[in-house]
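Notes for the one structure printed next.
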2 protein chains.
Amino acid sequence: MLKRFVPKIVDAEARRQEVVEAVFRIIASDGLERASLREVADEAGLAVGSVRHYFASSDELLVHSFAVVVDRIAGRLEEAFAVVESLETGSTEHDAAVLTLLGQFLPLDEELAVDACVWMAFRHAARIRPVLEQVAARSHRAVAAVVGRLVMQLMPDGGSVQERLVTEAERLLATLDGLCMHALLQPEWMTAEVCRDVLTAHLDTLVALPSNR
Amino acid sequence: MLKRFVPKIVDAEARRQEVVEAVFRIIASDGLERASLREVADEAGLAVGSVRHYFASSDELLVHSFAVVVDRIAGRLEEAFAVVESLETGSTEHDAAVLTLLGQFLPLDEELAVDACVWMAFRHAARIRPVLEQVAARSHRAVAAVVGRLVMQLMPDGGSVQERLVTEAERLLATLDGLCMHALLQPEWMTAEVCRDVLTAHLDTLVALPSNR
DNA sequence: ATCTTTTTAGCACGAACGTGCTTGAACCGT
DNA sequence: ACGGTTCAAGCACGTTCGTGCTAAAAAGAT
């Protein structure tokens, strides 16, 4: 069956992306519970029916938005990890690249802050809402994979002991999420400088680990 | 003016506490956004009007619930810290007491899990809702105080360098909150055992810090 | 028994929500 | 010019929410 009549071509994917970014802005400024169809439509400069034309339901819009932010974050991490891999271990550029990688988790600028807000909001919402479960699991796997590879590269022993390696990966992951949380919830206390200090302190403890134990 | 007619005595504080615990159960199982007056009243076995008799508004109910959970957590921390202080530094009982203290943050049993859920939900909601701001700030101060004192006692140098001390306090705080988050959001991955491993690993890095740097 | 106050319960209103459905408007191949 | 398809917009219904308000039930002091 051929498409005989090619109708009005409005780049549908671009429109969807605009709506998604309206969702992001609303979540960042007013929280996930305010991301209703009416609010999103207003923010995107559209009518409710128009948004519903691109997203069958509210759930689909939210799940897709979650997936988009996860892809964005995972993409940044992969990109930054490639830089880390390309540099020689122990060099100052390497250390800087590692800090840059870890900084992708934190709300250090406007764009990162929005993503961090949205990411946190969705992950917490996924605890309750089954529709978000799959994307949340994918998010966790993607981030854990990058952090795991990073720890494997950074640990002195090369990660001989498997158990120790996952513990250190979980430890770095927890510190990152905790830092992100505090930076979002207590921005006065948790400034970018404090974040950097905490991260460098953590990295010191990672490289200078007691080999035995 | 004397109270001539002392009417029906129902200890109001106990009733309020019952309502608050209904709020906790709802937040833990269905999330904060489901903690409406009608849901809370149902959960507490009361009518909406009855709940509204003890709490003037929905906001007051939520703010009070937040304050109660903060007090509960802060109380547990103070109690556990007193035990830590009473033991000799470096002893095995001391180490165990420190782990017990830090475990108060994590959802290691039913009661702790409910509190952790509620605490997280309110703290994140406080980013948006101004009514929760004050209690959130109090919560942060109380917890940071205990963790700060703990770090001061645990660090080898006795915390000579002020700057290093606050960095380590923030680092421990971040790790704790991150662990709590992961234990709530990915309970399959982040088991109690992994939590314990991560915490002991962190404590090792805290005691075995390079003195200079 | 009566009176006063607390306690409990319920109604009604406006606002916001998701969603099924309908109605024009825009657009392109014929 | 026309017809088929997509896009944009809006209405209407049922649900849930907070809240102001009213009113019945409960209980101790008189």
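Chain letters run A, B, ... following the sequence lines, proteins first and then strands; every chain starts at 1.
Panel note: side chain B:R34, backbone B:I26; no donor-acceptor pair is recorded below 3.5 Å. Within the 3.5 Å criterion, the main-chain N or O of A:M120 finds a donor-acceptor partner in the side chain of A:H124. With B:R127 contributing its side chain and A:L184 its backbone, the two residues share no donor-acceptor pair below 3.5 Å. With hydrogens and angles ignored, the 3.5 Å screen pairs no side-chain donor or acceptor of A:S139 with any backbone N or O of A:V135.
If you measure from atom CG of B:L61 to atom P of D:dT19, you get 10 Å, rounded to the nearest angstrom. One can place CZ of A:R15 at 13 Å from C1' of D:dA9, the figure rounded to the nearest angstrom. In this structure, CG of B:D30 is placed 11 Å from P of D:dC17, rounded to the nearest angstrom. Nucleotide D:dA8 holds its P atom 7 Å from the NE2 atom of A:H53, rounded to whole Å. Rounding to whole angstrom units, CD of residue A:E18 and P of D:dA8 are separated by 10 Å. Here C:dT7 presents its C1' atom at 15 Å from CZ of B:F55, a figure rounded to the nearest Å.
Applying the salt bridge (charged side-chain N to carboxylate O under 4.0 Å, His left out) test to every pair with at least one member in residues 174-199 of chain A, sequence neighbours left out, gives these pairs: A:R123-A:D177.
B:L176 and B:L106 make their closest contact through O-CD2, 4.0 Å (heavy atoms, listed as atom of the first residue, atom of the second, distance).
For A:Y54, a side-chain nitrogen or oxygen approaches OP1 or OP2 of D:dA8 to under 4.0 Å. For D:dA9, the OP1/OP2 oxygens have a side-chain nitrogen or oxygen of A:S50 closer than 4.0 Å.
Taking the six-membered ring for Trp and thresholds of 30 and 60 degrees, A:F122 and A:F66 have nearly parallel ring planes, at less than 30 degrees apart.
Each end of the helix from C:dA1-D:dT30 to C:dT30-D:dA1 yields a helix axis from five base pairs, and these two axes differ in direction by 10° (to the nearest 10 degrees).
Scored by the salt bridge (Lys or Arg N to Asp or Glu O under 4.0 Å) test, B:R76 finds B:E111, B:D115 as partners (sequence neighbours excluded). Listed by chain and number, the residues in a side-chain hydrogen bond (donor to acceptor under 3.5 Å, both in side chains) with A:R25 are A:E43 (sequence neighbours excluded).
Between B:E78 and B:R149 there is a salt bridge, since at least one side-chain N of the basic residue sits less than 4.0 Å from a carboxylate O of the acidic one.
Contacts with DNA chain D (heavy atom under 4.0 Å) in residues 122-136 of chain B: none are found.
Residues A:L185 and B:H140 have side chains not in contact (no heavy-atom distance under 4.5 Å, counting atoms from C-beta outward).
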query: What string of B, S and - do you get for nucleotides 13-20 of chain C, 5' to 3', if B is base contact, S is sugar-phosphate-only contact and - is no contact with any protein heavy atom under 4.0 Å?
result: ----BBBB

